[in-house]
Protein chains: 2
Amino acid sequence: MSLPAGARSILDAAASLFSRTGFDAVSLSEIASRAGVCKANIFHHFDSKEALYLDVMREACKCHAEFAEQLLLEPLSSTEKLLRLVEFEFHDMFENEARTQLIFREVLNAGSGKGREIAENIFQRNCNAVIALFQEGVDRGEFRSELDPGIAAWMLGASEMMFFQNRNILSHMPGMGNATVPAEYAAKVVKTLLYGLLPDNADGVAVDAAQFQRKPT
Amino acid sequence: MSLPAGARSILDAAASLFSRTGFDAVSLSEIASRAGVCKANIFHHFDSKEALYLDVMREACKCHAEFAEQLLLEPLSSTEKLLRLVEFEFHDMFENEARTQLIFREVLNAGSGKGREIAENIFQRNCNAVIALFQEGVDRGEFRSELDPGIAAWMLGASEMMFFQNRNILSHMPGMGNATVPAEYAAKVVKTLLYGLLPDNADGVAVDAAQFQRKPT
DNA sequence: CTACTGACTGACCGGACGGTTAGTCATTCT
DNA sequence: AGAATGACTAACCGTCCGGTCAGTCAGTAG
């Protein structure tokens, strides 16, 4: 905490406002008034609006993504690790909604965001750890040998992100039942991932990329 | 096409610009100059910037989401329908990038978007059709009876959306292999969904929501 | 006391924004 | 011919934005 109190309150106000509506929609006057400080003072502590935003992003990303890396080292089955990972991520996501929103926004607006590179970094780190977890499961024979760990990690991440981003409209969607509650949703996603769509007695279905190529019309 | 040529070109220019950078980051002067029209003329055809945006959204949503509804009626196995659905959606998504981007942005910024309700509508319609497809598979015994069709549809949609939104950074992610190509990605997602993570000979793993509840610390 | 420093402020700047106004011009209706 | 209409424009308006600047004030080192 080498920050002066003023800078601290500016950073906090900015984080809260930026997370709600993004960079463009937040004005410096808003930030200043919420921080209880005059607008010019922001420029005393930060070089520009963009620099402030980047500092906010950096701080939001700092303390993230260590859990998955640590989890890998523990003496558990891969399935058990998966369960704990999902439990942690759904927990953490809502514990720090503003932080999560900030990172997700940058990742999802992948094309143009100012803090994209910062957000991408933690996103990649997280993703790599989860991929390693699935890879371990495959190596141990706990997961099916044809499984692509990258895809599995990506699908899990996508399902989590979509839940967070759309939890408000999820309840308006018919057919989603009680999956609007984080724990219910998490359980169902994990179950679907583990067991897949096909019943045990089903014949195999051949699936390869050629089927998804654009057909000549 | 009862629209005057001027209004048409404004609508087209606006669609292209809004899809790239969103509502706030596009100015009316930009739209006007790209449409080859003076700014005031925009107000001759549209009531306000927001009204123009809503018209753009409405048009983008109009011709969407009929495919899935029609697919349901065809005499095919549910797995086959799933394959065709995914093939179509990955095809269509990139055929109409601007339109897709518009809709996804509104859906993902679920909190605050101006055209959210319009985008939600087509999103829900699409989702319902896919849920029905999975439900049919369960009813027919083609898919596992414990499967939640809502969750399956949601996971599929999430995986597709995440691919579209992050295709640019996907290639920078180690461990994703050739899944940066749409068809490869699609095939791997479908395979993972169909077969799940666990090998056929695996013991069942109990998964329920209680495991994902926040534990007291 | 003086000199200096860093936190902080009110007043201001140029520019871009969304939106308005008065008016031009070609076409069509009577 | 003349009235009316709809497409279109140049010039303009008030507002708010990000950013600047001159200066106040408390603390503190010499």
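Order of the sequence lines fixes the chain letters, A, B, ..., with proteins taken first and strands second; residue numbering starts at 1 for each chain. Predicted, not measured: the structure shown is a model, and the values here were computed from it.
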*To the nearest Å, give me how far apart CD1 (B:Ile10) and C1' (D:dA7) are.*
10 Å
*Any idea which of C:dT9, D:dC8, D:dG18 is nearest the A:Lys49 side chain?*
D:dG18
_Shortest side-chain distance from B:Ser29, nucleotide among C:dG19, C:dC17, D:dG19_ = C:dC17
_Is the distance between the ring centroids of A:Phe212 and B:Phe90 under 6.0 Å?_
no
*Nearest nucleotide by nearest heavy atom, which residue falls closer to the 5' end of DNA chain D, A:Glu30 or B:Ala7?*
B:Ala7
*Is any side-chain heavy atom of B:Ile118 closer than 4.5 Å to a side-chain heavy atom of B:Glu106?*
no
_Which residue lies more 5' along DNA chain C, comparing A:Ile42 with A:Lys39 via nearest heavy atoms_ = A:Ile42
_Could you tell me if the side chain of A:Lys62 sits less than 4.5 Å from the side chain of A:Glu59, heavy atoms only?_
yes
*Considering only D:dT9, D:dG19, C:dG6, which nucleotide approaches the side chain of A:His44 most closely?*
C:dG6
*Provide, to the nearest angstrom, the distance between the CZ atom belonging to A:Phe46 and the C1' atom belonging to D:dG19.*
16 Å
*Let me know the distance between CZ of B:Phe23 and P of C:dC17, rounded to the nearest Å.*
13 Å
*Would you say a side-chain N or O of B:Ser27 is under 4.0 Å from OP1 or OP2 of C:dA16?*
no
*Can you tell me if A:Asn166 uses its side chain to pair, donor with acceptor, with the backbone of B:Val107 under 3.5 Å?*
yes
*Could you tell me the separation between the CG atom of A:Asp24 and the P atom of C:dA16, rounded to a whole number of Å?*
16 Å
*From C:dA7, D:dA7, C:dG19, pick the nucleotide closest to the side chain of B:Ser48?*
C:dG19
_B:Phe164-B:Phe94 aromatic ring centre distance below 6.0 Å_ = yes
*asked:* Given D:dG19, C:dG19, C:dT9, identify the nucleotide with an atom nearest to the side chain of A:Val37.
replied: C:dT9
*Between C:dT9, C:dG18, D:dC8, which one does the side chain of B:Leu28 approach most closely?*
C:dG18
*The side chain of A:Ala40 lies closest to which of these nucleotides: C:dG18, C:dT9, D:dA7?*
C:dT9
*Take atom CZ of A:Phe43 and atom P of C:dA7, then tell me their distance rounded to the nearest Å.*
17 Å
_Side-chain N,O (B:His45) to OP1/OP2 (D:dG6) below 4.0 Å_ = no
*Could you state the CZ-P distance from B:Arg8 to D:dG6, rounded to the nearest angstrom?*
21 Å
